[in-house]
Student: 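A single structure is presented below for examination.
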Amino acid sequence: MSKQSGRGRVVGLPEWDRCAVMGVVNVTPDSFSDGGRWFDTTAAVKHGLQLVAEGADLVDVGGESTRPGASRVDETEELRRVIPVVRGLASEGVVVSVDTMRASVAAQALAAGAALVNDVSGGLADPAMIPAVAETGAPFVVMHWRGFLEGGNVRGVYTDVVAEVVDELHARVEAVLAGGISPDRIVVDPGLGFSKEADHDLSLLAHLDRLHALGHPLLVAASRKRFLGRVLAGPEGAPPPARERDAATAAVSALAAEAGAWAVRVHEVRATADAVRVARAVEGAREEGNAPGVGAPRPAHTATAEPPTPDAHRGGHGPSGAEGVR
């Protein structure tokens, strides 16, 4: 099975021939990465369209920061921020995902044209979320989550982070299935940076195959996160600001695409769009190289073949005198 066929398809969304790119539009004043830049509805819609022009396949719109220590906004304010942007992008033909932990916001965003609900709590923050999504038949992202991050990186202690995240995600997926969401509409997300330290995030990226074993398409959301800052800083240095981690994000995107991720979620789209396309091209070349008959031994020379010229024996030099290719 190729990596592409192993990515899975999410019913209700387009089917891409490679790892999809999910661009991020934060309609918030306090996002860790770009808070305040797209807080105005017109600016947010314009930015979402720009992300699509740069190669995003779908756009994730969120009105509530989930950075460590962030306080929740009230429902009315989240609706005010999100719904006009979702409606504006959907009216332009953009495939829109809504990033929310509230059932009411999810329902109204879907009614406004969103195609996917991306809930970082996997339905745990609002008991009404799963029934609301199930009723609409929309696809749903189930992220690994251990609680709100108010007060810091809570409950980030693991004995075996990969095994524990897989087990906890499996339990959450079972609950989502029991709540009526179809299995072919579920996406899983390891929750990089949520109740996890840098070594936890790196371990999860190194074992994405274990997450694939859950049997659902995989979303990887590493963009500009703290663990990339730690990697770039080295043991003694200070982490670079979030906006200086885009090259590292593109590297993770290429690795995730190679590992068979269904989609990657990023703030800066162009580099990642290029990265996943290169990963797909290499994957295609590998598949072609494994095709029957490719790379088969050449037939031996027959007795009537002409003998090699004397120049062919001159220490690797051809008739022109140039060095042979190794």
Side-chain angles (χ1 to χ4, degrees), residues 1-8 18-22 33 68 118 120 122 141-146 149 153-173 186-237 239-240 242 244-268 271-272 274-283 286-287:
M1 178 183 289
S2 72
K3 289 287 196 316
Q4 175 58 28
S5 61
R7 284 191 179 99
R18 50 165 168 70
C19 176
V21 178
M22 177 187 284
S33 170
N118 180 16
V120 298
V141 178
V142 180
M143 197 190 82
H144 177 261
W145 191 73
R146 284 189 169 184
L149 299 182
N153 195 28
V154 298
R155 291 185 287 174
V157 177
Y158 302 86
T159 301
D160 182 337
V161 67
V162 177
E164 290 171 55
V165 167
V166 169
D167 288 348
E168 290 169 31
L169 266 176
H170 174 72
R172 193 64 212 140
V173 167
I186 291 175
V187 175
V188 295
D189 177 343
L192 301 177
F194 285 80
S195 301
K196 298 173 186 73
E197 302 296 341
D199 57 336
H200 299 142
D201 293 329
L202 291 168
S203 292
L204 288 164
L205 286 172
H207 296 92
L208 292 180
D209 57 320
R210 300 270 297 278
L211 290 153
H212 277 300
L214 290 166
H216 297 279
L218 177 63
L219 172 65
V220 175
S223 185
R224 297 179 175 176
K225 288 190 174 177
R226 287 173 299 161
F227 81 96
L228 293 176
R230 300 282 180 232
V231 170
L232 297 175
E236 306 296 333
E244 294 180 15
R245 303 172 194 169
D246 289 328
T249 297
V252 173
S253 296
L255 291 169
E258 167 64 17
W262 167 76
V264 287
R265 180 183 182 275
V266 297
H267 297 84
E268 198 284 319
T272 277
D274 290 346
V276 300
R277 283 165 172 79
V278 170
R280 179 66 187 109
V282 172
E283 181 184 311
R286 184 180 300 117
E287 292 167 355

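Please read all numbers here as calculations on a predicted model, not as lab measurements.
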Student: To check you understand the geometry: which heavy-atom pair defines the closest contact between P217 and I186, and what is its length?
Tutor: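 Closest pair (atom of P217, atom of I186, distance): CD-O, 3.4 Å.
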Student: Applying side chain to side chain contact (heavy atoms under 4.5 Å, CB included) to V187 and H216, what does each step give before you reach the verdict?
Tutor: CA-CA 6 Å; V187 175; H216 297 279; over 6 Å; no
Student: Is the side chain of T272 donor-acceptor paired with the backbone N or O of S253 at a distance under 3.5 Å, no angle test?
Tutor: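 Looks like no, no N/O pair under 3.5 Å.
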Student: Could you report the tightest heavy-atom contact between L232 and A248, atom names first, then the distance?
Tutor: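 Smallest interatomic distance, heavy atoms only, reads CD1-CB, 4.0 Å.
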Student: Might you point out which heavy atoms bring V162 and S203 nearest each other, and give the distance in Å?
Tutor: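 V162 and S203 have their closest heavy atoms at CG2-O, 3.7 Å.
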Student: R245 and E268: salt bridge (Lys or Arg N to Asp or Glu O under 4.0 Å), yes or no, with the steps?
Tutor: CA-CA 10 Å; R245 303 172 194 169; E268 198 284 319; over 6 Å; no
Student: Identify, with sequence neighbours excluded, every residue that meets side chain to side chain contact (heavy atoms under 4.5 Å, CB included) alongside L214.
Tutor: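 So L214 forms a side chain to side chain contact (heavy atoms under 4.5 Å, CB included) with V166, L169, H170, V188, L211.
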Student: With sequence neighbours left out, what residues match N118 under side-chain hydrogen bond (donor to acceptor under 3.5 Å, both in side chains)?
Tutor: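 side-chain hydrogen bond (donor to acceptor under 3.5 Å, both in side chains) check on N118 returns D60.
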Student: Among all residues two or more places apart in sequence or in another chain, which pass the side-chain hydrogen bond (donor to acceptor under 3.5 Å, both in side chains) test with T249?
Tutor: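 side-chain hydrogen bond (donor to acceptor under 3.5 Å, both in side chains) list for T249, sorted by chain: empty.
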Student: Ring pair (Phe, Tyr, Trp, His ring centres under 6.0 Å) with H200: which residues, sequence neighbours excluded?
Tutor: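 Ring pair (Phe, Tyr, Trp, His ring centres under 6.0 Å) check on H200 returns Y158.
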Student: Identify, with sequence neighbours excluded, every residue that meets side-chain hydrogen bond (donor to acceptor under 3.5 Å, both in side chains) alongside E244.
Tutor: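 For E244, no residue satisfies side-chain hydrogen bond (donor to acceptor under 3.5 Å, both in side chains) once neighbours in sequence are set aside.
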Student: With rounding to the nearest 0.5 angstrom, report the SG to CG distance, C19 to L219.
Tutor: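 It is 8.5 Å, given to the nearest 0.5 Å.
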Student: For residues P190 and L218, determine if any side-chain heavy atom of one lies less than 4.5 Å from a side-chain heavy atom of the other.
Tutor: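 A side-chain contact exists here, since the closest heavy-atom pair is under 4.5 Å.
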Student: Applying salt bridge (Lys or Arg N to Asp or Glu O under 4.0 Å), run through E283 and R280 and close with a yes or a no.
Tutor: CA-CA 5 Å; E283 181 184 311; R280 179 66 187 109; 3.1 Å; yes
Student: Are T159 and E164 packed together at the side-chain level, in the sense that at least one heavy-atom pair is separated by less than 4.5 angstrom?
Tutor: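 T159 reaches E164 side chain to side chain.
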Student: Please examine the side chains of V276 and V21, heavy atoms only from C-beta on, and report whether any two atoms are closer than 4.5 Å.
Tutor: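 The answer is yes; the side chains approach within 4.5 Å.
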Student: Answer yes or no: is there a donor N or O on one side and an acceptor on the other, between the side chain of K196 and the main chain of F194, under 3.5 Å?
Tutor: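 Present.
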Student: Please give me the minimum heavy-atom distance between A221 and R265, naming the atom from each residue.
Tutor: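 Between these two residues, the closest heavy atoms are CB-CB, 3.9 Å.
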Student: Quick one: CZ on R226 to CD on E197, what's the gap to the nearest 0.5 Å?
Tutor: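 If I round to the nearest 0.5 Å, the distance is 6.5 Å.
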Student: Where is the tightest heavy-atom contact between A279 and A254, given as atom of each residue plus distance?
Tutor: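 Heavy-atom minimum between the residues: CB-O, 4.1 Å.
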Student: Please find the pair of heavy atoms, one from A222 and one from L228, that lie closest to each other, and give the distance.
Tutor: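 For A222 versus L228, the nearest heavy atoms are O-CD1, 3.4 Å.
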Student: Just grab all the salt bridge (Lys or Arg N to Asp or Glu O under 4.0 Å) pairs involving residues 199-217, residues at least two apart or on different chains.
Tutor: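 Residue pairs with at least one partner in residues 199-217: there are none.
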Student: Working note: K225 + R230, criterion side chain to side chain contact (heavy atoms under 4.5 Å, CB included); need CA distance, chi angles, decisive distance, verdict.
Tutor: CA-CA 9 Å; K225 288 190 174 177; R230 300 282 180 232; over 6 Å; no
Student: In Å and rounded to the nearest 0.5 Å, what is the CH2 to NE2 distance from W262 to H212?
Tutor: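 Atom-to-atom, W262:CH2 and H212:NE2 are 12.5 Å apart.
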Student: Under 3.5 Å, is there a donor-acceptor pair between the side chain of R172 and the main chain of G122?
Tutor: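 Yes; at least one donor-acceptor contact below 3.5 Å.
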Student: Heavy-atom distance under 4.5 Å between the side chains of D189 and H144, does that happen here?
Tutor: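 D189 does not reach H144 side chain to side chain.
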Student: Do L208 and V220 make a side-chain contact, defined as non-hydrogen atoms from C-beta onward lying under 4.5 Å apart?
Tutor: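 Sidechains of V220 and L208: in contact.
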